[in-house]
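The next block holds one structure in the form of structure tokens; read it before the comments.
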2 protein chains.
Amino acid sequence: MSIKYAILGFLSHQPLTGYDLKKMFADSMTFYWSGNNNQIYRTLVDLHRQGLVSQEMEHPASGPSRKIYTITDKGLADLKQWVVSSPELPELRNRFLMQLAWADQLKPEELADLINQYEAEVQSKLLLVQDYRQRNPNAPDRTPREEYLWQMIMQNWEAYYEHELTWVCQLRAGLSDEQGSQPLTL
Amino acid sequence: MSIKYAILGFLSHQPLTGYDLKKMFADSMTFYWSGNNNQIYRTLVDLHRQGLVSQEMEHPASGPSRKIYTITDKGLADLKQWVVSSPELPELRNRFLMQLAWADQLKPEELADLINQYEAEVQSKLLLVQDYRQRNPNAPDRTPREEYLWQMIMQNWEAYYEHELTWVCQLRAGLSDEQGSQPLTL
DNA sequence: GTTGCCATGTAAGGTGTTACATGATTTA
DNA sequence: TAAATCATGTAACACCTTACATGGCAAC
């Protein structure tokens, strides 16, 4: 359960409502969640039960009432304990690679088409990430080291999509060169 | 539901039992599944109900009886339809990046330690993938184009872990250089 | 006055993992 | 005779997504 720590992480910067978190997930780029309500609100209830966050109701004169969650010392400790725990290998599920794996029944044009579509997807995502990174140069409340870490995280994503693009080019080149006779020397 | 197509894909080469599939997933490298029984056997039942595979019981004189599944024409058509369907962006969940994101409370040694652990994980996985690729030079029943595609799939994985390693080196370099003062020019 | 945003939540279902259960056969 | 492998399956649970439901306020 890793959304738990994503939430604790966001809360370690500032108190937030469920709705705030939902938005943060939705446009975070680096955190893959769909930003769906169900998980967020349930997890918040759970965190509260475990004493990792405290809850405060706010009934503003205008606007709907909201529950503001603040991380507790216990929550901070739990977060830190997770942060130093052994990192795992990334989970990478590339549906396109599976399509390729069984693509031999396709005609050359069909295969080329598939590859082009994938390239276009990756390309547009890359632009999104680059754009996002330029629009969010640095958050004001971050230490230099933290800022550096976040930049490197963004760069990791950017590099991933860039490498994916160059790989696609290689793939296509190898296919047009007489259907891949000397692909391994590329 | 993408394990469905992974199974159909394997069956498009040859008839297999659930147990065969389980082993293939377990040591496939490129297909991330845990190779757990539950999903495989359930999916096979489901595929059979849908008429995408046919089932044949075998009661060998020695050894347990087994159910051999063979892909049908309908199954082949379904597989092909999926293979040409629009590819999606890969799903990449990197727990380590999330740990980094909230790592600012750590002492420099703790952070360095975390990074080293991640590097070691990636390094050993890379060796595994490289080793696997060299041990399985080419399957006998593949067309040249198919062989090429599988090689490129393996290369995609290999390249991913390689890039992850170089990124880790950059990350560390930027941290030791006076805590990331000029990280962006890397 | 209707669309859109703020804000909370629930229902239902799909997807994936771990662990359990069974029984025969092969190998050490 | 004990352990490993072949072979099939179930139970329970964790995780994640889509869609639904409600209601107030703001802006056009």
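A, B, ... follow the sequence lines: proteins, then strands. Residue 1 opens every chain. As the structure is a prediction and not an experimental result, all values here were calculated from the model.
One interatomic measurement links the two molecules: CZ of F31(B) to P of dG16(C), which rounds to 14 Å at whole-angstrom precision. As a whole-Å value, the separation of Y19(A) OH from dT8(C) P is 9 Å. Atom CZ in F25(B) sits about 17 Å away from atom C1' in dA7(D), given to the nearest Å. Rounded to whole angstrom, the span from the CD atom of Q39(A) across to the P atom of dT8(C) amounts to 17 Å. What separates CH2 of W33(A) from C1' of dA14(D) is a distance of 13 Å, to the nearest Å. Whole-Å rounding puts the E58(B) CD to dA7(D) P distance at 9 Å. Atom CG in L21(B) sits about 13 Å away from atom C1' in dA7(D), given to the nearest Å. Computed from coordinates, the R93(B) CZ to dT17(C) P distance equals 10 Å when rounded to whole Å.
Positionally, the nearest nucleotide of DNA chain C for Y41(A) lies more toward the 5' end than for the other of N38(A) and Y41(A). Each of G35(B) and K23(A) was matched to the nucleotide of DNA chain C holding its nearest heavy atom; the match closer to the 5' end belongs to K23(A).
Put simply, T17(B) has a side-chain N or O that comes within less than 4.0 Å of OP1 or OP2 on dT8(D). In this model, the phosphate group of dT17(C) is approached by a side-chain N or O of S34(B) to a distance below 4.0 Å at OP1 or OP2. Distances shorter than 4.0 Å separate some side-chain N or O of K67(A) from OP1 or OP2 on dG9(C).
Taking the six-membered ring for Trp and the full ring otherwise, W167(B) and W157(A) have centroids separated by 6.0 Å or more. Here the two rings, on F10(B) and F31(B), have centers that are under 6.0 Å apart.
Using a distance-only test at 3.5 Å, with no hydrogens or angles considered, no donor-acceptor pair links the side chain of D46(B) to the main chain of T43(B).
In this structure, of dT8(C), dT18(D), dT8(D), it is dT8(D) that holds the atom nearest to the side chain of N37(B).
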Decide salt bridge (charged side-chain N to carboxylate O under 4.0 Å, His left out) for R93(A) and E91(B); before the verdict, give the C-alpha distance in whole Å, the side-chain angles of both, and the deciding distance to 0.1 Å.
CA-CA 5 Å; R93(A) 326 192 159 183; E91(B) 260 173 71; 5.2 Å; no

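Nucleic acid contact for S2(B): none, since no nucleic acid atom lies under 4.0 Å from a heavy atom of the residue.
N36(B) contributes no side-chain N or O that forms a donor-acceptor pair with the base of dG16(C) under 3.5 Å.
Classification of the Y118(B)-F96(B) ring pair by plane angle, with boundaries at 30° and 60°, yields parallel.
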